[in-house]
Amino acid sequence: MRIGIIGAGQMARALGNGWAAAGHEIRYGKRGGVRETVEFGDVTLLAVPVSALTDVLGQADFEARTVIDCTNAFEPDDGSMVLGEDAVAERVAKSGARVVKAFNLCAAEVWQASERVFEGRRLAVPLCGDDADALAQVEELVRDLKAEPVRAGGLNRARYLEAMSAFVVGMWFAGADARAALPPLEAAFAVPD
């Protein structure tokens with residue numbers, strides 16, 4: 001698959017390097033090369049700060065293009081949400097793109113690591129999107145990174161992934177184990193003897 005990556009930060013490089021290792025063709029574009037990057041890709045990864053979103057969306061035609069949105073709508077300094085009326089993914093979809101919200105819950109370091117199994121469990125990547133073909137493309141890319149895609153609902157649920165990221169990252173920076181707030185399924189629904 002040809003993947004155009006808009007962004008040059010850690011997340012863009014971590015995902016791009018993983019996909020390149022899986023045999024995909026990657027092209028990186030910063031704010032100045034957005035149009036060429038979008039035209040190159042079968043899929044485009046949007047890995048830019050929310051503050052750059054309006055500028056990026058104005059530089060290319062995203063109509064009917066599969067776009068993976070891994071951005072988060074919070075300020076890293078204080079964890080405050082910068083959600084507007086719509087989630088970031090919903091704003092991107094207004095460009096006509098076939099948007100899938102994914103890869104926003106884990107830091108770049110997780111994608112730079114060689115393994116995606118933690119305590120015997122394969123890393124799950126929630127996906128929110130409305131287009132079945134776009135979801136299938138992104139599911140393939142998740143599997144190529146040795147993770148397990150999980151359909152988490154339509155694009156209207158992307159705002160919950162964005163809020164969850166702020167919550168989880170906040171817990172990590174506070175020194176807490178975010179997994180403690182989310183026990184394994186079998187523990188959550190265990191029936192006492």
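Heavy-atom basis, side chains included; hydrogens, waters and symmetry copies ignored. Heads up: numbering here begins at 1 and tracks the sequence.
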For residues 34-44, which side-chain N or O atoms pair as donor and acceptor with protein atoms under 3.5 Å away, sequence neighbours left out?
residue : atom : partner : partner atom : Å
Thr37   : OG1  : Gly33   : O            : 2.8
Asp42   : OD2  : Arg2    : N            : 2.8

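One hydrophobic cluster, built from ILVMFWY side chains closer than 4.5 Å, holds both Val48 and Val92. A continuous path of ILVMFWY side-chain contacts below 4.5 Å connects Val142 to Met1, so both sit in one hydrophobic cluster. Cluster annotation: Ile3 is not connected to Val67 through the hydrophobic network of ILVMFWY side chains, with a link wherever side-chain heavy atoms come within less than 4.5 Å. Ile5 and Val138 fall within the same hydrophobic cluster, defined by Ile, Leu, Val, Met, Phe, Trp and Tyr side-chain heavy atoms under 4.5 Å apart, directly or through other members. Under the 4.5 Å side-chain heavy-atom criterion for Ile, Leu, Val, Met, Phe, Trp and Tyr, Leu45 and Leu141 are members of the same hydrophobic cluster.
In this structure the side chain of Leu123 never reaches within 4.5 angstrom of the side chain of Glu148, judged on heavy atoms. Two residues are said to be in side-chain contact when any heavy atoms from C-beta on lie closer than 4.5 Å; His24 and Ile26 meet this criterion. Residues Asn17 and Leu15 are not in side-chain contact: their nearest non-hydrogen atoms beyond the backbone lie 4.5 Å or more apart. By the 4.5 Å heavy-atom criterion applied to side chains, Met164 and Leu105 are counted as neighbours. Looking at heavy atoms from C-beta onward, Glu63 lies out of side-chain contact with Ser95 at the 4.5 angstrom threshold.
The shortest heavy-atom contact between Val125 and Ala102 is CG1-CB, 4.3 Å. A pairwise comparison of heavy atoms in Ser114 and Lys146 identifies O-NZ, 3.6 Å as the closest pair. In terms of heavy atoms, Gly7 sits closest to Ala12 at O-CB, 3.6 Å. In this structure, Ala158 and Ala87 approach most closely via the heavy-atom pair C-CB, 4.3 Å. Shortest non-hydrogen contact noted between Asn72 and Ser165 is ND2-OG, 3.1 Å.
Under the salt bridge (charged side-chain N to carboxylate O under 4.0 Å, His left out) test applied with Asp69, the options Arg91, Arg98, Lys101 reduce to a single match, Lys101.
In terms of modelled atom types and a separation under 3.5 Å, the side chain of Arg116 and the main chain of Leu145 share a donor-acceptor contact. Of the possible polar contacts, none joining the Arg143 side chain to the Pro149 backbone as a donor-acceptor pair under 3.5 Å is found. Counting only distance, with no hydrogens or angles, the side chain of Asn104 and the backbone of Leu161 share a donor-acceptor pair below 3.5 Å.
Each ring pair (Phe, Tyr, Trp, His ring centres under 6.0 Å) pair with one or both residues in residues 94-142, not counting sequence neighbours, appears once here: Trp19-Phe103, Phe103-Trp111.
Annotation for Tyr28: atom OH counts as buried by contact number, over 12 foreign heavy atoms lying within 6.0 Å. Heavy-atom contacts from other residues, nucleotides or ligands closer than 6.0 Å to CZ of Arg27 number more than 12.
Between the side chains of Gln137 and Asp133, no donor-acceptor pair is found at a separation under 3.5 Å.
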Quiz item: Given the rule in the side chain to side chain contact (heavy atoms under 4.5 Å, CB included) test, do Glu139 and Arg151 qualify, once you have shown the distances and angles that lead to the verdict?
Solution: CA-CA 9 Å; Glu139 285 172 333; Arg151 291 196 183 190; 2.7 Å; yes

